[in-house]
Structure formats: structure tokens, C-alpha cells
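Order of the sequence lines sets the chain letters (A, B, ...), proteins ahead of strands, with each chain counted from 1.
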Amino acid sequence: MTTRPTVSGSGLTVRYGGSPALDNVSVRLQEGVTGLLGPNGAGKTTLLRVLATAVPPDRGAFTVLGHDPGTGAGRQEVRRRLGYLPQNPGFHPDFTAFAFVDYVAILKEFADRSARHREVRRVLDAVNLSEVRGKRIKRLSGGMRQRVALAAALLGDPGLLLLDEPTVGLDPEQRMQFREVIAEAGRHRTVLLSTHQTEDVAMLCQRVIVMAQGHVRFEGTPAELTARAAGRVWSSTERDPQARAGWRTGLGTFRNVGDPPQGADLLEPTLEDGYLLALDAQSVEAMSA
Amino acid sequence: MLGRDAKVASSARRAGQRGLRCAGIAALVPPVGRSLPWGVLGAAAGLGPVLGWFTRLTQEGVGTALAVFLLRVAAVGLALGLAFLLDDPARDTTAVVPIRRVVRSGVRLVLVAPLAASSWAAALLLVPERIRPPAGDLTLEAAALVVLALSGAACAVRFSDTPRPGVAVAGTLLTCTLLATLLPTSGALFVQADAASWAVAHQRWAALLTLALLAGAALQSEPVRKHRLRLEDTHRSAARAAHR
């Protein structure tokens, strides 16, 4: 038996000016946390904005939780069922955390006051902000603000949660707290997590998508992405000029990623190595195009 | 913990949907009211009465011409202030909510309409009756300028990602207004009250108001796709493929 995907789309294309931000992308998401990796300008944010119905695609179509956002009614239904944390969430700085999430709850059609307030308290509790709910947002730290935005995204127990680089600018402790919340959220819903942090993907995600230049370069499990680098990571005393990527480690030796020379001292690959190789493949293609 | 109260969430939503039409919009009023840029709106609304009162100091003879000028400055000031009406620092965070943009913008407009109307009325009434220019025609000018400002803000919201388009919209409106004072007589908008072209100029203002209203209304829609006609078939067939 196959589970119906939460998100299913094909041929998604978005152009800004003449250049494609998304180029014929197909995507299929199911319950659990999926990581979306890629360098700046890869199209991650555009893909999230398309799936969040913030930007209509130039071409292609997709469904979210069985609804087609290509129609007015379908888009309304999708918006009722998704949570979206944008890359740079904005706030009304004079609102308290509670008042701001309550405002978003009203915009999400929670009109009944007492039920809405229960829901606001629930999501603030879920992101561990209950104790500062009466504080004005301008007095909260960056990490707390991110959690206010996450609380707003969690309103209504959405079936799909789209998170655009939620851990950027957070200190390690805050990132750990964020990971806990995201992992919990992914237990019974679909989460798409856009990030630059391969650690976040390794720790949280059941699946991973690597994007570059508007294309999907890899889709699979983190283990599969890591396995792509098996036998292609080696150590040397100098940076190997034939390596596609290489850097000096804390031990003073170089870690090289690419096609190793004969007899190289192979190392255990990491998710980051697999990610770099996935990116590098597309760079070679782009250069030869 | 997140899944524990899913029933609470869904029951809250159902209750919300049932009472949405009225209760939802009424519930929006306090937070939207708190989020409006009252400083700039208040300054713009305060300008009109001050300028209206200023006409009381003018000498007989030059009074009407000066009153027309000052009331036009008040109208432009009011429009510049209202260009900030749709500024919303939380725009990204609230970009994909089910309550439509037209409702959100409408609530903002309803909240400031009494302030704008009373400001303009006070400006007009403070002008002594003996030098007061045709109030209806000047109100038409003010309305056109205000609707242009609001339509400009709606255009910025529709086509840009900036959460605070007010400065750009106000700057554009001010530039266009200054350029409009340079129009030749055959197409002039700003004419003196005793000029023969006063009536014709106000037909132009009426046309401008109508166009701005239509544009503003059209800009409230949130398109579900970019090239509806050309891609209709592609979209539908791709959606069917995606379902399969």
C-alpha cells in the first residue's frame, strides 16, 4: 500500500526576469521531515514560496494535501492547512508574543476567541515560549522571535509545515531547541526544511533534496546522499589539486572530496561530502553547457 | 506534545470557520488597528486642519487663490500619509493566510477612513466662507489623490516583496503631483478657481479617480497563476498527472 503524498508536483518553473529560479522541478513529499539543501540562489526559497502559495508558478502544477492551489478555492484550502515560516519573518515589534500569534490566528480564521486563545497558548507552549508570551517582540532575542514565527506557523495543526532556513543566526543552544521542535513536528505531519546546515539534515531528516541553479540534483535519504561519497573522500598532507573540494582540517591534514588518486588514504564520508559532490556534479554540467 | 492537542486546533478552526464572515473580520479590527502606522497617518491628517486654519490669516482679494493652494497641499499631504496605509512589517509572516488580501486591506481602510474624512472636512470648514473654493470639486481632487496613493500602495504590495512600500509610493506620488503642475493648459489638472477650464479640469479629475478606483480594485486580487490563458491546459494536465 502506498501513502498518498502530502505534496506532489511536476514541471514547476518560476522565472524572475529571464532567468529561471526553478526549472522544471518535480517534488513529492510525504510525512516526516525532508531537508532541502542547496547553495544561495539554488531555488530553495522559491520552491518553498511556490508550495506555500505565495508565488504562483509560471509553469507546472502541484497538489497539497489533495488540493490544487491552481484554483481560488483550492488555494484557500491549502492555506488553511499549511504552516509557513519565511526566511526573514517580520513582526509588529510592539505586539507581545501572545498578541502577535493571536493576530496570525485570526488571519488563519480562528474567530472564536476562547478557542483561539487556547490554540495560541498551545503553540507557544510547543515552542517553549509560554513564559515570555506577555513580552513585547522587540524585547525578545533573535532565537525567541524565530520561535514566535514558528508558533504562528504551527497554528491549526497544519498538515504541511514549510520552514525556510529557520536556524540561521541562532546560537548552538537555540538551534538544538529548534531541532527538538521540528523533530516533534515531523512525527505526524510533513515538514520541508530548507537549510544550509548539513548537520540539521543529518540529525532531523528522513529524506533530503539537493537543489542547485533551480534544478533538483539529488533526492533520497541522508544515508543515500552520504553513500554517494563512499570511496571519494581521502586524506593527504597537501591539498590535492585534482580534488573537487578540499580543506585543511584541525589535525593539519587535508580532507579532499572528488575522485581519489590510486592508493589514497580513504576516509569515512559524511553527509556534507555527499552534498558537495552532488553540487559539484551540477557545476561541471553548468561549465560544460 | 504538538500532536496532543490536535483536536483543540481543529475544533477551534471549525468554530472559526462557522463564525468567520462577521466575527473573523471584527476580531481583526483591534490588532490591525494597533499595527497601523498611526504616526505618519496622524501627521498627514493633522496637516489639513492646520492649513485650513491658516487661510483665516489671509487678506481679502488673494484669499481664494491661496485657499485653493493650501487645500491642495492638504490633499497631497493626506494622500502622502495614506500611501503608508499598507505598510506591514509582518507581511512575510502573514503572506499565506486564508483571509484574503482585499479583506485585510479593507479593514485598514475602514479604520482610517473616519480620520481622513474628518481631517478633510475640518480643512474645508476652517476656510472662511467668503474665500472658500468649490468644496465638491476640491474634494474630488483630494479623493483622486488619496485613491491614487492607495492604488499605488496596492500595486506595490501586489508586485513587490517589500513589507513597507510607503516611502517609495509617497515619493512617486509626490513626483507625479509636482509634474502634473507643469501640464499644459489643454491637459491641466491644477487650475485656479476662477479659470474657464475649472470644469473641464475636474472632468479630468473625475476620470483619474475612476481609473485609480478600478486599478485599486483590480490590484486586490491574488492571482492563482501567472499566465492563466496560455497555461490553462498545461496546468490542468500537470495537476492530473500529479494526482496520479
Side-chain angles (χ1 to χ4, degrees), chain A residues 8-11 52-54 56-63 68-72 74-76 79-80 82 84-95 99-100 102-113 115-116 118-119 122 125-126 149 152 154-157 181 184-185 187-188, chain B residues 1-28 30-32 34-35 88-100 104 161 163-164 221-227 231-232 234-244:
Chain A
S8 176
S10 60
T53 74
D58 289 305
R59 286 190 189 162
F62 63 104
T63 59
D68 175 9
T71 65
R75 183 175 60 186
Q76 289 299 99
R79 288 183 172 186
R80 288 186 179 113
L82 74 78
Y84 173 52
L85 173 61
Q87 195 170 10
N88 299 303
F91 305 94
H92 295 299
D94 286 325
F95 280 35
F100 184 77
D102 189 45
Y103 170 50
V104 179
I106 295 166
L107 291 171
K108 286 190 169 184
E109 299 183 331
F110 289 88
D112 180 78
R113 187 185 161 94
R116 188 176 75 236
R118 275 199 305 278
E119 174 66 357
R122 180 183 76 84
D125 189 41
L154 287 170
L155 284 164
D157 198 30
V181 176
E184 186 64 30
R187 283 178 62 182
H188 63 103
Chain B
M1 184 165 57
L2 287 168
R4 189 187 58 192
D5 290 328
K7 282 183 181 173
V8 174
S10 59
S11 67
R13 181 179 293 286
R14 278 197 300 277
Q17 283 171 351
R18 278 196 297 274
L20 175 67
R21 286 287 178 263
C22 297
I25 294 171
L28 261 182
V32 170
R34 283 183 62 195
S35 69
D88 181 4
R91 193 172 140 202
D92 283 344
T93 316
T94 58
V96 290
V97 292
I99 289 195
R100 293 171 194 272
R104 286 177 274 156
D161 288 331
R164 297 176 193 260
S221 72
E222 295 173 84
V224 290
R225 62 184 69 98
K226 286 182 179 171
H227 307 297
L231 295 172
E232 184 83 19
T234 313
H235 187 89
R236 294 267 76 75
S237 59
R240 280 195 295 273
H243 264 300
R244 283 198 295 271

### Task
Give a yes or no on this: more than 12 heavy atoms of other residues, nucleotides or ligands lie within 6.0 Å of atom CZ of B/Arg164.
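Open.
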### Query
Which heavy atom of A/Gln76 sits nearest a heavy atom of B/Arg100, and at what distance?
CG-NH2, 3.5 Å
### Task
Could you tell me which non-hydrogen atom of A/Gly90 sits nearest to which non-hydrogen atom of B/Thr93, and how far apart they are?
O-OG1, 2.5 Å
Give, as side chain, backbone, both or neither, the part of [X] having an atom under 4.5 angstrom from any heavy atom of chain B.
{"X": "A/Leu85", "result": "neither"}
{"X": "A/Ala52", "result": "both"}
{"X": "A/Phe95", "result": "both"}

### Message
Going by side-chain contact (heavy atoms from CB on, under 4.5 Å), B/Pro31 matches just one of A/Leu107, A/Ile106, A/Val104. Which one?
### Response
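Running side-chain contact (heavy atoms from CB on, under 4.5 Å) over A/Leu107, A/Ile106, A/Val104 with B/Pro31 returns exactly one hit, A/Ile106.
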## Note on the structure
Exactly one of B/Val97, B/Val96, B/Thr94 clears side-chain contact (heavy atoms from CB on, under 4.5 Å) with A/Tyr84, and that residue is B/Val96
### Query
What part of B/Pro163 lies closer than 4.5 angstrom to a heavy atom of chain A: side chain, backbone, both or neither?
neither
#### Entry: Residue part contacting chain A, namely of B/Arg34, when any heavy atom lies under 4.5 Å
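It is both, since atoms from each part get that close.
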